[in-house]
> 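Right, I'll just put the structure down here and ask away after.
A note on names: the letters A, B, ... follow the listed sequences, proteins ahead of strands, and every chain is numbered from 1. Keep in mind that the numbers below use all heavy atoms, side chains included, and drop hydrogens, waters and symmetry copies. Keep in mind it's a predicted model, so treat the numbers as computed, not measured.
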Protein chains: 2
Amino acid sequence: MLKGHLDAIVLAALEAGPAHGYAIIETIKTASSGTFDLPEGTVYPALHRLEQAGLLASAWMTPPGGRKRRVYSLTKAGSSALGERRTAWRRFSGAVDTMLNGGQAWPA
Amino acid sequence: MLKGHLDAIVLAALEAGPAHGYAIIETIKTASSGTFDLPEGTVYPALHRLEQAGLLASAWMTPPGGRKRRVYSLTKAGSSALGERRTAWRRFSGAVDTMLNGGQAWPA
DNA sequence: TTCCATACCTAGCATAACTAGGCATTAGTC
DNA sequence: GACTAATGCCTAGTTATGCTAGGTATGGAA
């Protein structure tokens with residue numbers, strides 16, 4: 001359903017600051033009011049893809065009294081990619097709005 | 001990029017009235033200001049899918065002095081499916097907007 | 001008669017989200 | 001102490017679907 005837009009969502013979730021996978025899932029779920037309740041099998045491979053593409057960097061962290069986590073953060077390339085994704089999303093969603101509303105998009 | 005939303009777009013393109021495949025492609029291209037310039041290999045299979053799902057009906061027509069065309073029209077199931085898709089799209093795009101804008105969606 | 005636009009089709013590819021499992025640790029409860 | 005739930009990470013394989021790249025054919029214009 002969100003095919004092609006997951007990357008933008010994950011990147012956006014990391015814009016506020018670094019986070020580990022499990023927390024990213026929670027953030028997305030909360031921020032979208034439950035609309036995006038993503039299974040781990042969706043998010044973890046996406047994180048790996050984005051890291052491999054150079055848009056994210058990761059480091060293992062062990063908080064005191066906690067367990068090892070892999071913390072992801074946006075790289076510079078990730079930031080600029082997010083900008084492009086945002087633009088692409090606006091264009092895309094505007095076009096779909098126009099199609100579905102029969103010519104009426106949201107006001108600018 | 002438009003994975004999962006193509007069906008809604010095609011259904012919406014047929015809401016104004018029946019049309020044949022080639023014309024649907026042109027309509028989508030024009031209505032989206034060129035954003036959706038869909039190849040035939042995308043649209044024709046989608047039309048077949050939608051017909052098989054009972055959302056579209058088709059009939060071969062031969063306009064005077066023209067060539068055979070396959071004209072598609074919305075079925076009742078197609079109409080109600082379009083309504084559901086529209087609702088789903090609003091929810092979906094609203095959630096993505098919220099994510100990408102850091103909590104700020106378009107005004108209602 | 002050659003070329004382009006119209007008009008339809010399909011086999012196979014690529015991608016990406018999801019299913020369905022597995023592993024390990026911590027905290028809380030019975 | 002045993003058990004359970006929540007946390008936290010992972011991957012192999014399935015599936016859906018849009019797209020590539022081809023094919024066929026007609027009508028009109030150059």
> Rounded to whole angstroms, how far apart are NZ on B:K3 and P on D:dT15?
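Taking atom P of D:dT15 as the reference, NZ of B:K3 is at 16 Å.
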> Can you measure A:R49 atom CZ to C:dT15 atom C1' for me and round it to whole angstrom units?
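In whole Å, C:dT15 C1' lies 8 Å from A:R49 CZ.
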> Using atom NZ of A:K68 as one end and atom C1' of C:dC23 as the other, report the distance to the nearest whole Å.
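So the two atoms are 13 Å apart, to the nearest Å.
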> What distance separates A:L82 CG from A:T75 OG1, expressed to the nearest 0.5 Å?
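Those atoms lie 11.0 Å apart.
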> Please report the closest heavy-atom contact between B:G78 and B:L11, naming both atoms and the distance.
O-CD1, 4.2 Å
> Please state how far atom CG in A:L38 lies from atom P in C:dA20, giving the value in whole angstrom units.
17 Å
> Measure from the side chain of B:Y22, starting at C-beta and using heavy atoms only, and say which of C:dA7, C:dA17, C:dT19 lies closest.
C:dA7
> Drop me the distance from A:H48's NE2 to A:R70's CZ, to the nearest 0.5 angstrom.
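CZ of A:R70 is found 5.0 Å from NE2 of A:H48.
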> Between C:dC8, D:dC9, D:dC19, which one does the side chain of A:H20 approach most closely?
D:dC9
> Is B:L47 linked to B:Y22 within one hydrophobic cluster, defined over Ile, Leu, Val, Met, Phe, Trp and Tyr using a side-chain heavy-atom separation of less than 4.5 Å?
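Yes: a chain of side-chain contacts under 4.5 Å links B:L47 to B:Y22.
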> Could you check how far CD1 of A:I25 sits from C1' of D:dT7, rounded to whole Å?
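So the two atoms are 11 Å apart, to the nearest Å.
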> Given atom CG of A:D37 and atom C1' of C:dA17, what is their separation to the nearest angstrom?
14 Å
> When you match B:R69 and A:L6 each to their closest nucleotide on DNA chain C, which lands nearer the 5' end?
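Final value for this comparison: B:R69.
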> Within the sub-3.5 Å range, which N or O atoms of nucleotides 25-27 of chain D have a protein N or O partner, and how far apart are they?
from, atom 1, to, atom 2, distance (Å)
D:dA25, N3, B:R67, NH2, 3.4
D:dT26, O2, B:R67, NH1, 2.7

> So, is B:R70 close to the C:dC9 phosphate, meaning a side-chain N or O under 4.0 Å from OP1 or OP2?
yes
> Extract from the structure each pairing of a protein N or O with an N or O of nucleotides 10-13 of chain C at less than 3.5 Å, listing the distance.
from, atom 1, to, atom 2, distance (Å)
C:dT10, OP2, B:H48, ND1, 3.3

> In whole angstrom, give the distance that lies between atom CD of B:Q52 and atom P of D:dA16.
13 Å
> Given atom CD of B:E51 and atom C1' of C:dC9, what is their separation to the nearest angstrom?
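Going from B:E51 (CD) to C:dC9 (C1'), I get 14 Å.
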> Measure the spacing between CZ of B:R85 and CZ of B:R90 and express it to the nearest 0.5 Å.
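The distance works out to 15.0 Å.
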> Would you mind telling me which of B:L2, B:T35, B:I9 makes a side chain to side chain contact (heavy atoms under 4.5 Å, CB included) with A:V96?
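Of the listed options, the one satisfying the test is B:I9.
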> Within this structure, what is the CG-OH distance for the pair A:L14 and A:Y72, rounded to the nearest 0.5 Å?
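Answer rounded to 0.5 Å: 10.0 Å.
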> Locate the shortest heavy-atom distance separating A:K29 from A:D37; write the atom from each residue and the value.
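Closest heavy-atom pair between A:K29 and A:D37: CD-OD1, 3.4 Å.
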> How many angstroms lie between atom CZ of A:R49 and atom CG of A:L56, to the nearest 0.5 angstrom?
11.0 Å
